[in-house]
Amino acid sequence: MTALLAGVAGLFGLVFGSFLNVVAYRVPLGRSVVNPPSACPACGAPVRPRDNIPVISWFVLRGKCRDCAAPISSRYPIVEALTGVLLAATVFVVDINWVLPAYLWFTAVTLVLILTDLDHKRIPNRILYPGTIVGVLLLGSGAALDSQLSQFGRAALGGLFYFAGLFLLALIARGGFGFGDVKLAFLLGLFMAFQGWKHLVVGIFLAFFIGGLLSIALLVSRRRGRKDAIPFGPSLVLGAWIGITYGLPIADWYLGI
Ligand SMILES: [Zn+2]
């Protein structure tokens, strides 16, 4: 049953992924996600329904517009495939229960925020605020239906803890990361701590570990100067995803050595 639902979530994710591409590209620019419909940025030809099949169409068209042969970024099929894989993985990690919709929502929102942070170097409030509010409502009502209200209390505490921690760090470090990252930390802390305190601690540790490695890699490759802000959002999200999925075995392994 879980595998079947994961398959459905994966197929849905492929289609939903093309919508996430549009959200990540348009919302930070303050544009509508429905109007105008998708068109080739080079020649303006609208995308035909048969050319709008996730992942497959890009390969059929060999990554080029059917009308003007302008290249279409490989990022579109990559995000579509990634959304499918991540939503299917979410079903396997969380399993079938009332908080599953909350976690599917969490996966989609955090994936979009990775994309906007990489593209526009910001975490837009227009995505983060509704993402957080709907996330709290879905997780809270799911927890109530699953009789997991004490876990939800722990989740809220975890969110506040991560938020306060990054807030203090942002004040001390001045410019290391933005206030968008601080606000994002509440959402991440909420969903990690719902699973357990160990998941939260592992997720926070990994976020800083991955962020540190990325900073060093970027400095060494000289793609970024020392003063340029490094988008920290993707590291925070990656840490949270791993913390939610593998927090328990990682914590137990670390405590065992
Ligand atoms: Zn074109």
Side-chain angles (χ1 to χ4, degrees), residues 6-91 104-131 134-135 178 180-181 184 214 217-218 221-225 228-238 241:
V8 173
L11 284 176
F12 172 76
L14 290 175
V15 180
F16 192 58
S18 34
F19 176 68
L20 294 189
N21 268 317
V22 176
V23 171
Y25 177 70
R26 290 189 185 177
V27 171
L29 302 173
R31 289 164 52 185
S32 158
V33 293
V34 283
N35 262 313
S38 298
C40 168
C43 71
V47 177
R48 296 170 180 79
R50 66 176 162 139
D51 292 339
N52 220 353
I53 304 160
V55 184
I56 294 166
S57 286
W58 189 87
F59 283 100
V60 170
L61 295 168
R62 295 201 189 86
K64 289 183 199 132
C65 170
R66 190 183 284 279
D67 294 279
C68 71
I72 306 165
S73 171
S74 58
R75 168 192 158 143
Y76 291 100
I78 290 172
V79 169
E80 287 158 2
L82 199 60
T83 311
V85 168
L86 287 173
L87 290 189
T90 303
V91 176
L104 291 170
W105 172 260
F106 173 79
T107 301
V109 169
T110 47
L111 177 60
V112 170
L113 291 177
I114 287 184
L115 297 176
T116 62
D117 204 20
L118 290 176
D119 282 355
H120 306 276
K121 297 214 178 70
R122 48 189 277 254
I123 292 169
N125 289 337
R126 296 173 57 156
I127 298 173
L128 182 60
Y129 287 169
V134 174
D181 297 324
L184 171 62
L214 277 179
L218 287 171
S221 69
R222 294 180 190 279
R223 288 189 55 201
R224 296 281 161 89
D228 293 328
I230 290 151
F232 201 53
S235 310
L236 293 177
V237 171
L238 275 179
W241 284 351

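First listed ligand is number 1; within each ligand, the first listed atom is number 1.
Between the side chain of Asp67 and the backbone N or O of Ala45 there is no donor-acceptor pair closer than 3.5 Å. Remark: side-chain polar atoms of Thr116 are paired, donor with acceptor, to backbone N or O of Arg122 under 3.5 angstrom. Remark: the backbone N or O of Pro54 is not paired with any side-chain donor or acceptor of Ser57 at under 3.5 angstrom.
Judged as a ring pair (Phe, Tyr, Trp, His ring centres under 6.0 Å), and not counting sequence neighbours, the contacts of Phe16 are Phe12, Phe19.
Around the Zn ion (ligand 1), the protein N, O or S atoms found under 2.8 Å comprise Cys40 SG, Cys43 SG, Cys65 SG, Cys68 SG.
The number of heavy-atom neighbours closer than 6.0 Å to CG of Leu61, taken from other residues, nucleotides and ligands shown, is above 12. For Arg62, the CZ atom is loosely surrounded, since the number of other residues' heavy atoms within 6.0 Å does not exceed 12.
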